[in-house]
Colleague: 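Before I ask anything, here is the structure I am working with.
Side chains included, hydrogens not; waters and symmetry mates left out as well; all remaining heavy atoms used. Since we're looking at a predicted model, the values are computed, not measured.
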Amino acid sequence: MNCLRLTQFPKRCLSTRFPSLDPKLNNTKTPFSSPNSTYTTPNSHTFDTPTISQLIAKQHWSKLKTIVKETNPSSLLQHLFNSEAQPDLILCYFKWTQKEFGAIHNVEQFCRLLHLLANAKNYNKIRALLDSFAKNAHYSNSTIFHSLSVLGSWGCANSIIVDMLVWAYVKNGEMDLALEGFDRAGDYGFRLSALSCNPMLVSLVKEGRIGVVESVYKEMIRRRIGVNVVTFDVVINGLCKVGKFQKAGDVVEDMKAWGFSPSVITYNTIIDGYCKAGKMFKADALLKEMVAKRIHPNEITFNILIDGFCRDENVTAAKKVFEEMQRQGLQPNVVTYNSLINGLCSNGKLDEALGLQDKMSGMGLKPNVVTYNALINGFCKKKMLKEAREMLDDIGKRGLAPNVITFNTLIDAYGKAGRMDDAFLLRSMMLDTGVCPNVSTYNCLIVGFCREGNVKEARKLAKEMEGNGLKADLVTYNILVDALCKKGETRKAVRLLDEMFEVGLNPSHLTYNALIDGYFREGNSTAALNVRTLMEKKGRRANIVTYNVLIKGFCNKGKLEEANRLLNEMLEKGLIPNRTTYDILRDEMMEKGFIPDIDGHLYNVSISS
DNA sequence: CCCATACCCT
């Protein structure tokens with residue numbers, strides 16, 4: 001394996017600054033030495049270099065075409081290399097042959113061109129070339145890295161090229177290629193920069209691949225890649241998004257150790273994480289901490305808190321935060337109003353939300369499509385489908401465009417009302433409007449069919465969706481698994497579970513809970529318990545719903561001792577029984593004289609909704 | 001360059 005390490009990175013380059021990946025900021029000068037010319041023209045054809053250069057420079061493509069026809073595009077390219085033509089001209093010719101002949105040159109030639117451009121400090125051209133390359137990566141990373149290392153180990157050209165290559169992959173959504181490039185850069189000793197690594201981390205967070213984020217981050221530190229505040233903030237964000245607050249705290253310590261202080265952005269990131277995790281108490285504590293440290297909360301901080309309190313169904317607190325931010329001299333923006341409007345709508349206070357919409361207009365803030373979507377959702381929740389539908393037309397009248405969420409909201413509402421025909425009419429409308437259905441659109445329709453008990457049609461839709469290039473997601477599977485289990489076809493649901501593992505989806509509580517419930521309904525408590533074992537094996541701890549399903553299952557089977565044992569188990573694990581737990585136990589146990597067995601627990605636990 | 005809002009599964 002060590003044979004891959006052909007290039008030892010020169011020490012003097014360790015401090016070399018990387019040219020910016022932003023084409024507008026290309027100002028860093030880096031010294032390069034010339035790569036050795038080791039190529040020879042592969043055939044004996046002779047070229048008149050000055051003439052050819054002229055033809056390229058003047059873009060006389062038709063004449064050039066006749067010359068190329070006598071040989072082949074790659075030979076002429078090789079000749080240009082050997083005659084040390086201008087890098088720009090070679091690039092020009094290279095692109096032309098790609099366009100004209102669809103010519104794919106050797107990976108060595110490609111890399112040699114990159115090297116020439118790097119020596120000429122023509123970073124914009126390298127970026128552009130790699131960007132178009134990333135759209136259709138016809139060379140593997142392994143051949144590129146190999147060719148680059150063979151070409152020359154002087155200067156930092158390879159590091160810069162590879163940095164830009166990784167950046168190009170990220171920009172084009174080719175995350176696996178980017179990650180492979182990241183790994184190989186380590187193997188070859190090419191030094192990447194935060195300019196490619198930070199965007200890579202951002203994309204990984206967006207894709208929810210937080211485990212990968214963690215390992216890339218650790219590796220960046222290990223390789224001494226020039227990390228900056230953004231690096232830390234992005235990693236903290238990723239960890240908070242999946243509730244790994246302990247680890248996020250560790251990264252905060254890392255950033256301090258590297259001489260960076262947590263900023264308002266860092267605090268906002270963590271506060272938002274706590275808000276989304278339903279831990280408003282923690283969010284509040286952090287707010288106090290940042291104020292104590294004289295880090296001033298900004299409008300984003302307040303927006304985060306408003307949204308958090310609304311999710312916590314505490315609109316009163318949200319409104320207080322809204323007042324407070326104005327007292328602090330911060331102007332609520334569209335997001336502020338939208339968050340509050342959405343909070344009011346989701347908590348059944350539609351009238352107040354509509355009033356706030358007027359108020360924001362009065363403040364000179366234009367409602368945007370998010371505002372309307374929140375209001376449409378509010379109407380839908382109140383079963384006011386007519387008004388919701390009318391608001392869709394309003395969006396257009398306001399010069400705004402409804403988006404996929406607008407349609408999804410309405411489609412789901414029609415589905416919930418049992419009006420699948422109208423739901424499909426809206427789908428046609430969205431297609432006509434040029435709004436592309438996404439997985440959620442299909443999920444709304446699929447769950448609509450499932451409500452009617454029409455799992456066949458639901459599965460047909462799922463197939464159609466895959467035919468349209470959309471992959472079923474966790475929600476899709478959960479809908480289908482649940483529907484099949486409720487239909488008494490748990491075996492089929494289990495097949496879907498297997499499929500989830502095959503496609504790399506991590507089943508959620510909902511998935512397992514539905515299956516456990518399904519097996520109990522079929523009277524197969526052994527299989528139900530096996531599912532529970534499986535879920536724990538896969539790292540999913542039983543939650544309250546899991547226990548409720550298990551307890552209900554055993555109650556229905558008359559195995560009350562077993563149900564009682566599970567109740568105790570859930571209490572031991574610190575899970576607080578909810579209303580459903582209580583209902584199950586009251587119905588099934590109390591009347592059968594089992595009160596003494598559970599009395600001590602049942603009446604001492606707080607019953608949460 | 002990094003942090004905030006709207007839809008689908010109980």
Side-chain angles (χ1 to χ4, degrees), chain A residues 20-22 25 167 193-202 205 228-238 240-241 255 262-273 275-276 297-308 310-311 333-343 345-346 367-378 380 402-413 415-416 437-448 450-451 473-483 486 507-511 513-514 517 543-546 548-549 578 580:
Chain A
S20 169
L21 287 171
D22 183 341
L25 298 171
W167 173 82
S193 77
L195 296 165
S196 65
C197 294
N198 286 353
M200 180 160 78
L201 290 171
V202 170
V205 169
N228 56 28
V229 267
V230 177
T231 316
F232 294 107
D233 284 342
V234 172
V235 174
I236 291 167
N237 186 28
C240 287
K241 288 240 148 67
M255 90 185 276
S263 66
V264 60
I265 294 179
T266 318
Y267 275 98
N268 287 349
T269 305
I270 305 173
I271 290 175
D272 186 54
C275 286
K276 300 264 156 67
N298 59 18
E299 46 273 277
I300 296 183
T301 319
F302 285 103
N303 290 349
I304 288 167
L305 289 167
I306 289 170
D307 180 61
C310 287
R311 284 171 196 270
N333 60 22
V334 181
V335 177
T336 320
Y337 278 99
N338 286 349
S339 300
L340 207 44
I341 287 172
N342 181 51
C345 285
S346 331
N368 59 18
V369 67
V370 178
T371 322
Y372 286 105
N373 288 347
L375 289 168
I376 287 174
N377 188 35
C380 289
N403 62 17
V404 64
I405 295 177
T406 321
F407 285 105
N408 290 351
T409 309
L410 284 162
I411 288 172
D412 183 56
K416 285 193 169 113
N438 61 16
V439 180
S440 298
T441 317
Y442 278 97
N443 288 343
C444 294
L445 293 166
I446 289 169
V447 77
C450 288
R451 282 192 201 96
D473 67 2
L474 180 64
V475 177
T476 321
Y477 278 100
N478 283 346
I479 292 166
L480 291 171
V481 165
D482 187 62
K486 291 220 162 69
S508 64
H509 283 114
L510 260 75
T511 329
N513 293 346
D517 188 49
N543 64 7
I544 298 173
V545 182
T546 316
N548 286 348
V549 170
N578 60 14
T580 312

Colleague: At under 4.0 Å between heavy atoms, what does A:I304 touch on the DNA or RNA strands: base, sugar-phosphate, or nothing?
Modeller: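 Sugar-phosphate only.
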
Colleague: Measure across A:G273 and A:C240 and return the closest heavy-atom pair with its distance rounded to 0.1 Å.
Modeller: CA-CB, 4.0 Å

Colleague: Across the strands shown, which category fits A:K486 at heavy-atom distances under 4.0 angstrom: base, sugar-phosphate, nothing?
Modeller: nothing

Colleague: Counting any heavy atom closer than 4.0 Å, what does A:V234 reach on the DNA or RNA strands: base, sugar-phosphate only, or nothing?
Modeller: sugar-phosphate

Colleague: Show the nearest heavy-atom pair for residues A:V205 and A:V234, with the distance to one decimal.
Modeller: CG2-O, 3.8 Å

Colleague: Select base, sugar-phosphate, or nothing to describe what A:D473 touches, counting heavy atoms under 4.0 Å on all strands.
Modeller: nothing

Colleague: Is it the case that the side chain of A:N513 and the backbone of A:H509 share a donor-acceptor pair, with hydrogens and angles ignored and the cut-off at 3.5 Å?
Modeller: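 Checked: pair present.
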
Colleague: Sub-3.5 Å donor-acceptor pair from the side chain of A:N338 to the main-chain atoms of A:I341, do we have one?
Modeller: no

Colleague: I need the minimum non-hydrogen distance between A:A374 and A:C345, along with the two atoms involved.
Modeller: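 Minimum heavy-atom contact is O-SG, 3.4 Å.
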
Colleague: Taking all heavy atoms of A:T269 and all of A:D233, pick out the closest pair and write down the distance.
Modeller: CG2-O, 4.2 Å

Colleague: Is the shortest distance from a Lys or Arg side-chain nitrogen in A:R451 or A:D412 to a carboxylate oxygen in the other one below 4.0 Å?
Modeller: yes

Colleague: At the 4.0 Å heavy-atom cut-off to chain A, mark where contacts on DNA chain B begin and end, going 5' to 3'.
Modeller: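 Here the contact window of chain A covers B:dC1 to B:dT10.
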
Colleague: Using a heavy-atom distance cut-off of less than 4.0 Å, which residues of residues 368-378 of chain A contact DNA chain B?
Modeller: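 Within this stretch, A:V370, A:N373, A:N377 sit under 4.0 Å of the strand.
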
Colleague: For A:I479, answer base if it contacts any base atom (sugar-phosphate contacts may also be present), sugar-phosphate if it contacts only those atoms, and nothing otherwise; contact means non-hydrogen atoms under 4.0 Å.
Modeller: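 Sugar-phosphate only.
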
Colleague: Would you say the side-chain atoms of A:N228 and A:T231 include a donor-acceptor pair closer than 3.5 Å?
Modeller: yes

